[in-house]
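The structure's right below; bear with me while I get my questions together.
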Amino acid sequence: MNDPRRADPEELSPDPGRLVPRTDPELIAVTDPVTVPTPYGSFAVRAWGFADGSEHLSATALGPDGTPVLGSDQAPYVRLHSECLTGDVFGSRRCDCGPQLQEGLRIIASHGGTLVYLRQHEGRGIGLVNKLRAYALQDAGLDTLDANLELGLPADARDYRQAARILEGLGITVLHLVTNNPAKAEALEREGLTVQTLEPDVVEPVPENARYLQTKRDRMNHRLLLHPPGA
């Protein structure tokens, strides 16, 4: 006998488009900075709230005296890191997100600047439920791009307007962007910011994410120089 309290995946399968987060760029709340020590250094952390319910986080590098370190010129290093629960928290090796977050923090701590952690960007903006459904399609043979398309979703649904508002709120309008993805720079420039350079955030591939990284390089224009895992 079926337990009526048990969720049935077949009955709880709405149109994937309904689960894609909607973005409202209206900033409605920001916190005062608080100091958060990490293995990479200390950061001044602030939370940013938007009218659609999104909450993001900025982490600005601090020097030994506790003052913000913005770099040697007027263009600080900035990393926009898209939330990846499986990679950032659980250390999943299907992607490079966790190591990229760690490397991004190391770079920001070393050069000065700010890392912006963008929640609501799960699965390149399609949401956690859709991301796991895309994973199932990848397990059946599709690559990371075609899995999104098979669900009727964009290859990349991320919206960077809220990220631009956060940077403006921090007084950052000219920056060095820590990314392998030129599309992030293009999105910020459409919002009126100036990206002077793209600084790589490169991590070594492992067997479980080699195909994923190859797809990002070959089909999504990411600037990646890949070596065989373990080479």
Side-chain angles (χ1 to χ4, degrees), residues 16-30 45-59 78-92 94-105 107-108 113-135 138 144-145 147-149 151-170 172 175 177-191 193 195 198 201 203 209 212-213 215-216 219-222 224:
R18 292 180 58 192
L19 296 169
V20 175
R22 301 292 185 261
T23 300
D24 186 329
E26 181 187 358
L27 178 64
I28 61 173
V30 60
V45 170
R46 306 175 82 169
W48 305 75
F50 289 84
D52 60 2
S54 297
E55 295 179 320
H56 307 301
L57 180 145
S58 65
V78 169
R79 164 79 183 161
L80 303 181
H81 188 86
S82 296
E83 178 181 33
C84 175
L85 178 66
T86 50
D88 297 342
V89 177
F90 292 100
S92 168
R94 295 185 71 125
C95 63
D96 59 341
C97 300
Q100 274 201 323
L101 174 59
Q102 296 162 14
E103 179 65 5
L105 287 168
I107 291 170
I108 296 299
T114 296
L115 183 142
V116 179
Y117 191 86
L118 296 166
R119 304 175 71 213
Q120 310 297 100
H121 272 203
E122 191 74 56
R124 297 194 302 275
I126 64 174
L128 183 58
V129 170
N130 282 331
K131 181 176 102 167
L132 295 186
R133 289 174 175 164
Y135 275 0
Q138 292 171 40
T144 183
L145 189 155
N148 281 27
L149 300 181
L151 290 171
L153 300 171
D156 192 332
R158 287 174 290 188
D159 186 315
Y160 293 98
R161 290 178 295 167
Q162 293 179 346
R165 301 293 84 76
I166 291 171
L167 293 177
E168 290 166 353
L170 291 167
I172 298 172
L175 59 133
L177 188 61
V178 180
T179 186
N180 307 318
N181 182 5
K184 288 186 178 182
E186 295 166 4
L188 291 181
E189 289 176 338
R190 285 194 296 270
E191 293 299 313
L193 282 74
V195 178
L198 298 185
D201 186 357
V203 298
N209 68 22
Y212 166 80
L213 294 176
T215 300
K216 291 210 296 186
R219 303 190 64 194
M220 305 182 75
N221 199 34
H222 286 224
L224 292 171

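Numbers for residues simply follow the sequence, beginning at 1.
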Check your understanding: If you measure from SG on C84 to CG on L128, what distance do you get to the nearest 0.5 Å?
Key -> 9.0 Å

Review point. Under 3.5 Å, is there a donor-acceptor pair linking the side chains of S82 and R158?
Key: yes

Check your understanding: Got L193 and V195 here, is their nearest side-chain heavy-atom distance under 4.5 Å?
Key -> no

Point to revise | Which residues share a side chain to side chain contact (heavy atoms under 4.5 Å, CB included) with V129, sequence neighbours left out | key: L19, R133

Check your understanding: Are side-chain heavy atoms of Y160 and V116 found at a separation under 4.5 Å?
Key -> no

Practice item. Heavy atoms only: give me the nearest S58-I166 pair and the separation to one decimal. Key: CB-CG2, 4.3 Å

Review point. Mind checking whether V78 and L188 have side chains closer than 4.5 Å, heavy atoms only?
Key: no

Check your understanding: Is D52 close to Q162 at the side-chain level, that is, under 4.5 Å between some pair of heavy atoms?
Key -> yes

Practice item. Find out whether L198 and P182 are in side-chain contact, i.e. whether some heavy atom of one side chain is under 4.5 Å from a heavy atom of the other. Key: yes

Review point. Any idea which heavy atoms bring R124 and A155 closest together, and the distance?
Key: NE-O, 2.7 Å

Practice item. Considering non-hydrogen atoms only, spot the tightest contact between N148 and G123 and give its length. Key: ND2-O, 4.1 Å

Practice item. Flag the pair Y117 / L101 as yes when at least one side-chain heavy-atom distance between them is below 4.5 Å, and no otherwise. Key: yes

Check your understanding: What closest approach, in Å, do K216 and D96 show between heavy atoms, and which atom pair accounts for it?
Key -> NZ-OD1, 3.3 Å

Exercise for review: Kindly determine whether Q100 and R79 satisfy side chain to side chain contact (heavy atoms under 4.5 Å, CB included), including the steps that lead there.
Suggested key: CA-CA 10 Å; Q100 274 201 323; R79 164 79 183 161; 3.2 Å; yes

Practice item. Compare every heavy atom of G49 with every heavy atom of L27, then report the nearest pair and how far apart it is. Key: CD1-O, 3.3 Å

Check your understanding: Distance only, no hydrogens: is a donor on one side chain within 3.5 Å (strictly under) of an acceptor on the other, for H81 and D201?
Key -> no

Review point. Looking at side-chain heavy atoms only, is the closest gap between L175 and T114 below 4.5 Å?
Key: no

Exercise for review: Identify, with sequence neighbours excluded, every residue that meets ring-ring contact (aromatic ring centres under 6.0 Å, His included) alongside Y135.
Suggested key: none

Point to revise | Check: R46 and V30 side chains under 4.5 Å, non-hydrogen atoms | key: yes

Review point. Got a salt bridge between E191 and R161, using NZ or NE/NH1/NH2 to carboxylate O under 4.0 Å?
Key: no

Exercise for review: Can you see which heavy atom on K184 is nearest to which on L80, and at what distance?
Suggested key: NZ-O, 2.6 Å

Check your understanding: Would you call R165 and E26 a salt bridge, using N to O less than 4.0 angstrom?
Key -> no

Practice item. With sequence neighbours excluded, tell me which residues meet ring-ring contact (aromatic ring centres under 6.0 Å, His included) with H222. Key: none

Review point. So among L118, I28, L170, which one has a side-chain contact (heavy atoms from CB on, under 4.5 Å) with W48?
Key: L170

Review point. Does any N or O in the side chain of E83 come within less than 3.5 Å of the main-chain N or O of Q120, such that one atom is a donor and the other an acceptor?
Key: yes

Review point. What's the spacing between L85 CG and C97 SG if we round to 0.5 Å?
Key: 11.0 Å

